[in-house]
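Following: one structure in structure tokens, then a few remarks.
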Amino acid sequence: MAALLEIHDLAVYYGAIQALKAVTITVEPGEIVTLIGSNGAGKTTSLRCISRLINPRAGDIIYDGVSLLRRRPDEVVRQGIAHVPEGRRILSRLSVQDNLRLGAYSRHDRAAVRGDLDEQYVRFPILAQRRSQLAGTLSGGEQQMLAIARALMSRPRLLLLDEPSLGLAPIIVRDIFRIIRTLNAEGVTVLLVEQNAQLALQTAHRGYVLETGEVIFAGAAAQLIDDERVKKAYLG
Ligand SMILES: Nc1ncnc2c1ncn2[C@@H]1O[C@H](COP(=O)(O)OP(=O)(O)OP(=O)(O)O)[C@@H](O)[C@H]1O
Ligand SMILES: [Mg+2]
């Protein structure tokens, strides 16, 4: 099977500081792949490269057989990659509904967009109840749901999630992860960045452990959970 996403030997610098060193990651269609690692390991940087928000100095990113490096961020969205950024980044002074509509900015099929809006409200009933409310007045969990729903409005084949559990109560985190599994079962491929390594490895098929810009372990999620070195460093 051809990979949906292949990241080859990616190197990223912020000025003189090297944030990624030859990072290589593959995501097969239908998988949930997780990227775990401590603060500053380079997880967010990796996702921002895929979305074309950062230019790597070396390496390549192949999506569906074609390099993304010459594409603009909006072209990447149109190709089927949606990014739920760290810290959600919803537009707090716009309504829930307007945030969702913005997620469909790359699309011109208005009737289908309306249908997809209704679909999000079925998937996230709390957002339906609050559709006219300013997004900034939502709880943290509701904002995370809005950020995911907004990403789904572009009809992604590949969903990039950056720390969806951050700052949320365990019961809400469970809801969010249930939604991630459901989306995956419906055919959406997922690249999940998490500091909550336990939960991420329980959810994913495969995982990569990033440390100071390098992949130090990779394998089936079940294997990583049982690996003594991973346990010791990341699973408390
Ligand atoms: N805009 C920037 N300018 C300079 N250095 C940066 C910038 N963004 C990230 N870095 C540095 O690059 C490295 C990787 O950061 P990154 O945000 O990718 O890590 P992360 O794994 O997502 O961490 P966290 O778990 O805290 O979100 C860190 O050392 C960070 O300080
Ligand atoms: Mg990060």
Side-chain angles (χ1 to χ4, degrees), residues 5-27 32-61 63 68-69 72-73 76-77 81-90 140-141 143-148 150-151 156 158-170 172-173 176-177 180 190-204 206-219 221 224-225 227 229-236:
L5 182 77
E6 298 169 65
I7 298 175
H8 292 293
D9 292 329
L10 209 61
V12 172
Y13 288 79
Y14 293 109
I17 294 172
Q18 185 163 18
L20 296 184
K21 302 164 194 159
V23 166
T24 294
I25 290 169
T26 349
V27 182
I32 301 179
V33 172
T34 187
L35 197 54
I36 58 178
S38 323
N39 286 122
K43 305 181 298 296
T44 296
T45 300
S46 302
L47 294 191
R48 289 176 63 84
C49 282
I50 300 166
S51 296
R52 301 298 300 116
L53 301 171
I54 301 180
N55 255 324
R57 185 172 299 180
D60 206 350
I61 302 170
Y63 172 71
L68 288 181
L69 291 188
R72 295 189 312 263
V76 171
V77 174
I81 301 180
H83 188 159
V84 182
E86 189 173 1
R88 355 260 197 232
R89 302 286 179 87
I90 50 130
Q143 290 190 13
Q144 185 62 61
M145 289 181 197
L146 177 57
I148 294 172
R150 180 182 56 181
L158 174 63
L159 191 59
L160 311 176
L161 293 165
D162 197 344
E163 307 224 20
S165 76
L166 196 69
L168 303 181
I172 309 292
V173 172
I176 302 270
F177 273 69
I180 295 169
V190 177
L191 180 55
L192 169 67
V193 159
E194 261 299 336
Q195 270 196 58
N196 188 335
Q198 181 79 40
L199 189 57
L201 289 173
Q202 281 167 359
T203 306
R206 287 190 306 113
Y208 292 84
V209 181
L210 212 55
E211 196 174 286
T212 54
E214 288 179 281
V215 174
I216 54 163
F217 303 117
L224 291 174
I225 282 186
D227 187 299
R229 298 160 301 177
V230 174
K231 263 191 207 167
K232 207 162 160 221
Y234 300 98
L235 303 176

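Order of listing sets the numbers, starting from 1, for every ligand and every atom in it. Keep in mind that this is a model prediction, so the values were computed, not measured.
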Compare Glu86, Gln195, Lys43 and give the one whose heavy atom is closest to atom 27 (O) of ligand 1.
-> Glu86

Could you tell me whether the Mg ion (ligand 2) has an N, O or S atom of Thr44 under 2.8 Å away?
-> yes

Is any side-chain heavy atom of Glu6 less than 4.5 Å from a side-chain heavy atom of Ile61?
-> no

Quick one: do the Gln144 and Arg88 side chains pair a donor with an acceptor below 3.5 Å?
-> yes

Check the pair Thr45 / Tyr14 against side-chain hydrogen bond (donor to acceptor under 3.5 Å, both in side chains), numbers first and verdict last.
-> CA-CA 10 Å; Thr45 300; Tyr14 293 109; 2.8 Å; yes

Non-hydrogen atoms of Ser38 versus ligand 1: any pair closer than 4.0 Å?
-> yes

Taking only heavy atoms of Asn39 into account, list the atoms of ligand 1 that are under 4.0 Å away from them.
-> 23 (O), 24 (P), 25 (O), 26 (O)

Does even one non-hydrogen atom of Arg48 get within less than 4.0 Å of ligand 1?
-> no

Could you tell me which atoms of ligand 1, counted from 1 in the order shown, lie closer than 4.0 angstrom to a heavy atom of Thr45?
-> 14 (C), 15 (O), 16 (P), 18 (O)

Do Lys43 and Glu163 come close enough that some side-chain heavy atom pair is under 4.5 Å?
-> yes

Between the side chains of Glu194 and Ser165, does any donor sit under 3.5 Å from an acceptor?
-> yes

Non-hydrogen atoms of Gly42 versus ligand 1: any pair closer than 4.0 Å?
-> yes

How far is atom 8 (N) of ligand 1 from its nearest protein heavy atom, and which residue and atom name does that atom have?
-> Tyr14 CZ, 3.3 Å

Check: Ser51/His83 side-chain N/O donor and acceptor closer than 3.5 Å = yes

Heavy-atom distance under 4.5 Å between the side chains of Val27 and Tyr208, does that happen here?
-> no

Counting only N and O atoms by type, is there a donor-acceptor contact under 3.5 Å from the side chain of Lys232 to the main-chain atoms of Asp227?
-> no

min-distance N/O/S atom, Glu86 vs the Mg ion (ligand 2), resolves to OE1

Report the nearest protein non-hydrogen atom to atom 17 (O) of ligand 1: residue, atom name, distance rounded to 0.1 Å.
-> Thr44 CB, 3.7 Å

Non-hydrogen side-chain atoms of Leu5 and Ile50 separated by less than 4.5 Å | yes

Ignoring hydrogens, tell whether any protein atom lies closer than 4.0 Å to atom 30 (C) of ligand 1; use the non-hydrogen atoms only.
-> no

Which ligand 1 atoms, with their elements, are less than 4.0 angstrom from a heavy-atom of Ala19?
-> 12 (O), 13 (C)

Please indicate whether any nitrogen or oxygen in Gly40 is less than 3.5 Å from any nitrogen or oxygen in ligand 1.
-> yes

